[in-house]
Participant: 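I have a structure here, written as structure tokens, and I will follow up with some questions on it.
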Amino acid sequence: MEIKDLKIGDEVYLSRWGEWPIIWRKSRVEKINEAGLVLVDGVWYGKDGLPNDRSSRIYTIDDEKAKFDYESYQQKQQFYSAILEKFDNGDMTYEQFASMCKNILEENDGD
């Protein structure tokens, strides 16, 4: 499936890279205009999946690379949330938390 084949209500992957880290999530097509622009989360995307400001992109739900990137992002978010929860609950010292954060930053230095 291509962007031009999307219909209102279709699910898409949405990636925003104007922020760090890059945000990945699923969303839905809200509108499609006569020119073929696709509205997702209040932003109009062209047939290349990019908006005018190039700060994000949509991908069709059957895009395997986007699916992999989305799932990887979700796994990382679950891991980060678990670490924060342990720290917030007092199950981890500040030193342990700082060390884990340092390791995560070093591992993701190239991302």
Side-chain angles (χ1 to χ4, degrees):
M1 176 185 285
E2 296 181 34
I3 301 297
K4 67 179 179 65
D5 300 321
L6 290 170
K7 306 282 184 251
I8 294 173
D10 282 352
E11 193 170 46
V12 294
Y13 293 111
L14 173 62
S15 175
R16 294 190 192 273
W17 55 80
E19 308 164 26
W20 190 91
I22 294 173
I23 305 295
W24 278 91
R25 63 189 191 83
K26 290 182 181 178
S27 194
R28 293 204 176 269
V29 173
E30 300 166 23
K31 282 185 181 179
I32 300 172
N33 72 12
E34 300 81 29
L37 297 177
V38 177
L39 184 66
V40 176
D41 287 359
V43 177
W44 289 100
Y45 293 86
K47 293 177 182 157
D48 58 359
L50 295 165
N52 284 339
D53 68 1
R54 306 279 199 239
S55 64
S56 57
R57 184 171 185 165
I58 59 169
Y59 301 85
T60 59
I61 206 70
D62 64 350
D63 184 307
E64 288 300 318
K65 176 152 179 11
K67 179 181 179 181
F68 176 81
D69 291 343
Y70 168 80
E71 289 174 352
S72 295
Y73 174 80
Q74 295 301 316
Q75 289 174 345
K76 286 180 183 178
Q77 288 302 108
Q78 289 173 351
F79 176 70
Y80 300 151
S81 294
I83 292 170
L84 286 173
E85 185 176 330
K86 281 186 162 208
F87 181 68
D88 287 344
N89 290 339
D91 298 334
M92 181 184 290
T93 66
Y94 176 79
E95 289 77 17
Q96 290 170 321
F97 180 74
S99 175
M100 194 164 269
C101 290
K102 180 178 180 272
N103 291 339
I104 289 169
L105 289 173
E106 287 172 356
E107 289 173 8
N108 292 295
D109 193 30
D111 288 351

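Given the structure is predicted, the values throughout are model-derived calculations rather than measurements. What's counted below: heavy atoms across the whole structure, side chains too, no hydrogens, waters or symmetry copies.
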Participant: Is the shortest side-chain heavy-atom distance between Leu84 and Phe97 below 4.5 Å?
Facilitator: yes
Participant: For a quick test of reading the model, state the closest non-hydrogen atom pair linking Lys26 to Ile61 and the distance between them.
Facilitator: CE-CD1, 4.2 Å
Participant: Looking at Asn52, I'd like to know if its CG atom is crowded, meaning that more than 12 non-hydrogen atoms belonging to other residues, nucleotides or ligands lie closer than 6.0 Å.
Facilitator: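 No, because the 6.0 Å sphere around CG of Asn52 holds 12 heavy atoms or fewer from other groups.
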Participant: Measuring from atom NZ of Lys47 to atom NZ of Lys4, what distance do you get when rounded to the nearest 0.5 angstrom?
Facilitator: 8.5 Å
Participant: Would you say Trp17 and Ser15 make side-chain contact, with heavy atoms under 4.5 Å?
Facilitator: yes
Participant: Could you check if a side-chain atom of Lys31 sits within less than 4.5 angstrom of a side-chain atom of Trp44, using non-hydrogen atoms only?
Facilitator: yes
Participant: Indicate yes or no for a side-chain donor-acceptor contact from Ser81 to the backbone of Gln77 under 3.5 Å, with no hydrogens or angles considered.
Facilitator: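 Yes, because the side chain of Ser81 sits within donor-acceptor range (under 3.5 Å) of the backbone of Gln77.
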Participant: Supply the atom-to-atom distance Glu11 CD to Ser27 OG, rounded to the nearest 0.5 angstrom.
Facilitator: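 Interatomic distance, Glu11 CD to Ser27 OG, rounded to 0.5 Å: 8.5 Å.
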Participant: Determine whether a donor-acceptor pair (N or O, by modelled atom type, separation under 3.5 Å) exists between the side chain of Glu30 and the backbone of Gly42.
Facilitator: yes
Participant: Is the shortest distance from a Lys or Arg side-chain nitrogen in Lys67 or Asp63 to a carboxylate oxygen in the other one below 4.0 Å?
Facilitator: no
Participant: Hey, would you say the Trp24 and Tyr59 ring centroids sit under 6.0 Å apart?
Facilitator: yes
Participant: Quick one: do Ile32 and Leu39 satisfy side chain to side chain contact (heavy atoms under 4.5 Å, CB included)? Show the steps, please.
Facilitator: CA-CA 6 Å; Ile32 300 172; Leu39 184 66; over 6 Å; no
Participant: Please give me the minimum heavy-atom distance between Met1 and Leu6, naming the atom from each residue.
Facilitator: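 Heavy atoms only, the tightest pair is SD-CD2, 3.7 Å.
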Participant: Please give me the minimum heavy-atom distance between Tyr45 and Leu14, naming the atom from each residue.
Facilitator: OH-CD1, 3.2 Å
Participant: If you compare all heavy atoms of Tyr73 against all heavy atoms of Ile23, which two are closest, and at what distance to 0.1 Å?
Facilitator: OH-CD1, 3.5 Å
Participant: Does the side chain of Ile58 come within less than 4.5 Å of Val43's, by heavy atoms?
Facilitator: no
Participant: What pair of heavy atoms forms the shortest contact from Leu50 to Ser56, and how long is it?
Facilitator: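 For Leu50 and Ser56, the tightest heavy-atom pair comes out as CD2-O, 3.3 Å.
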Participant: Does any part of the side chain of Val12, heavy atoms only, come nearer than 4.5 Å to the side chain of Thr60, both counted from C-beta?
Facilitator: no
Participant: Within the side chain of Asp10, is there an N or O that forms a donor-acceptor pair under 3.5 Å with the backbone of Val29?
Facilitator: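 Not at all, since once roles are kept as given, no pair shorter than 3.5 Å links the two residues.
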Participant: Can you name the closest pair of heavy atoms from Asp91 and Gln96 and give their distance?
Facilitator: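 Looking at all heavy atoms of both residues, the shortest contact is O-OE1, 4.4 Å.
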